[in-house]
Amino acid sequence: MEEIIPCAVKDQEVFQQVWQRVMAGRDDTQCPIEALPSHMQGDLSCDCLEALAQQHREDRERQQQESVPDVPPSGWQPAEVESSAPESPPEESPAPGAAEALPTADGPHRANDLPRLWEQPQETPDRTARLRQQVMEALEGWQFYRHLARRARGVDARVLNNLAGELHRCARKLSAAYFLLTGLRYWPSELLAAPAIPSYWGALRQRHQAEQRQETALRIAADDWDDPDLLALLTELIEGCQQRCRQLRTLLEQDET
């Protein structure tokens, strides 16, 4: 007697749905397995189930073999295929008067458009040479006040640092005026050296005399120029020299060291 095992698919309608999903696309004449007739009731035999499972495994192996791509033989090279893509149209030249493209990131640096520094020898009028000398003297005063402030303390140190800042701004203004007149930059800060300060009181006296000489030089320079902007600048600098002289005198009067 044929061995009968229980089947999980008891309902014939469910079995028919499973059977149609498994056997979809197959030729029924070549399949050795037949679906259970709709009028039959009961379970399927083991032989039927085993045949169905074996058929399912063979179909899956066949599908895997068909999905493997063919490996070309060694030494095989693909034939050159002419590209069917249309050729790119030639670049059109910009119309006359069109805006130029923006510069690239690796273009000339912004700092390259600055004018070159003044270099000797250079033939310039005497008044232009005196203007350079005034720039240098303002920078030397800035350097002197900075070093002198380190020798002081308290209020005196703050006053001297403020005087140093004023002379640095004066040097900037004179350097800008020189550039407007000549088109060259003049800022000889690399030529500055540490000033000789023998004593604090002696340094205040030395700087007071330097401010007076600078005032006299600015007055002489004002007589040589007729440019209204430069004359206004020289007048401002003369007043600055007078104010610094008064501040230095006040330091000498109040200092107790």
Side-chain angles (χ1 to χ4, degrees), residues 108-152 158-252:
H109 194 268
R110 174 64 180 83
N112 290 344
D113 63 348
L114 292 176
R116 62 183 180 88
L117 287 171
W118 169 81
E119 298 177 355
Q120 288 186 349
Q122 183 180 12
E123 296 182 0
T124 56
D126 292 340
R127 58 181 184 176
T128 307
R130 286 197 296 267
L131 187 57
R132 289 200 307 269
Q133 181 63 27
Q134 292 165 1
V135 174
M136 187 63 187
E137 290 178 356
L139 286 174
E140 290 176 347
W142 165 64
Q143 184 83 328
F144 193 95
Y145 281 126
R146 290 173 59 206
H147 283 76
L148 187 58
R150 300 175 185 175
R151 302 280 296 270
R158 289 194 295 272
V159 172
L160 292 172
N161 281 323
N162 290 335
L163 294 179
E166 290 179 8
L167 275 181
H168 191 271
R169 288 188 291 272
C170 291
R172 287 290 186 186
K173 293 177 180 179
L174 290 169
S175 179
Y178 181 81
F179 172 74
L180 292 175
L181 293 171
T182 64
L184 300 174
R185 293 183 300 135
Y186 184 68
W187 189 257
S189 58
E190 69 280 358
L191 303 179
L192 297 176
I197 303 178
S199 65
Y200 180 71
W201 278 52
L204 291 177
R205 178 178 179 271
Q206 180 180 352
R207 193 59 219 168
H208 186 275
Q209 294 174 348
E211 294 290 351
Q212 290 179 333
R213 290 194 300 269
Q214 182 70 5
E215 178 185 353
T216 302
L218 291 172
R219 291 185 183 276
I220 296 175
D223 297 335
D224 294 339
W225 297 98
D226 54 1
D227 182 80
D229 293 336
L230 185 56
L231 290 176
L233 174 59
L234 294 176
T235 302
E236 177 186 349
L237 297 179
I238 290 172
E239 294 176 355
C241 291
Q242 295 173 350
Q243 184 178 1
R244 285 189 293 274
C245 286
R246 289 192 295 267
Q247 289 177 305
L248 292 171
R249 182 183 294 273
T250 301
L251 290 177
L252 289 171

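The figures here come from the full heavy-atom set of this structure, side chains too, leaving out hydrogens, waters and symmetry mates.
Arg146 contributes no side-chain N or O that, together with a main-chain N or O of Gly141, makes up a donor-acceptor pair within less than 3.5 Å. In terms of modelled atom types and a separation under 3.5 Å, the side chain of Ser175 and the main chain of Tyr186 share a donor-acceptor contact.
For the pair Leu248 and Leu163, the minimum side-chain heavy-atom distance is below 4.5 Å. Contact annotation: the side chain of Arg172 approaches that of Trp187 to within less than 4.5 Å [non-hydrogen atoms, C-beta and beyond]. Looking at Leu230 and Leu180, their side chains never come closer than 4.5 Å, going by heavy atoms from C-beta outward. Contact of the Leu167 side chain with the Tyr145 side chain is registered, since non-hydrogen atoms from C-beta on lie closer than 4.5 Å. The closest side-chain heavy-atom distance from Leu139 to Leu191 is not below 4.5 Å.
With sequence neighbours excluded, the residues satisfying side-chain contact (heavy atoms from CB on, under 4.5 Å) with Ala149 are Leu160, Asn161.
Atom OG1 of Thr250 is separated from atom CG of Leu204 by 11.0 Å, given to the nearest 0.5 angstrom. Residue Asp223 holds its CG atom at 12.0 Å from CZ of Arg127, rounded to the nearest 0.5 Å. In this structure, CH2 on Trp225 lies 4.5 Å from CG on Leu181, to the nearest 0.5 angstrom.
For Arg169 and Trp142, the positive end is not near the middle of the six-membered ring at less than 6.0 Å and at most 45° from its axis.
The shortest non-hydrogen separation linking Pro198 to Arg151 is O-NH2, 4.1 Å. Here the shortest heavy-atom pairing between Ala222 and Leu231 reads O-CD2, 3.2 Å. What you find for Gln206 and Ala196 is that their closest heavy atoms are OE1-O, 4.2 Å. Nearest heavy atoms, Gln143 versus Pro195: CG-CD, 4.0 Å. Of all the heavy atoms in Leu148 and Ile197, the pair that sits closest is N-CD1, 3.8 Å. Between Pro188 and Val135, the closest heavy-atom pair is CD-CG1, 4.3 Å.
A salt bridge links Glu236 with Lys173: at least one charged nitrogen is closer than 4.0 Å to a carboxylate oxygen.
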Tell me which donor-acceptor pairs under 3.5 Å the side chains of residues 237-246 have, and how far apart each pair is, sequence neighbours excluded?
residue, atom, partner, partner atom, Å
Gln242, NE2, Glu215, OE2, 2.8
Arg244, NE, Glu211, OE1, 3.1
Arg244, NE, Glu211, OE2, 3.0
Arg244, NH2, Glu211, OE1, 3.4

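You'll find the ring centres of Trp201 and His208 outside the 6.0 Å limit.
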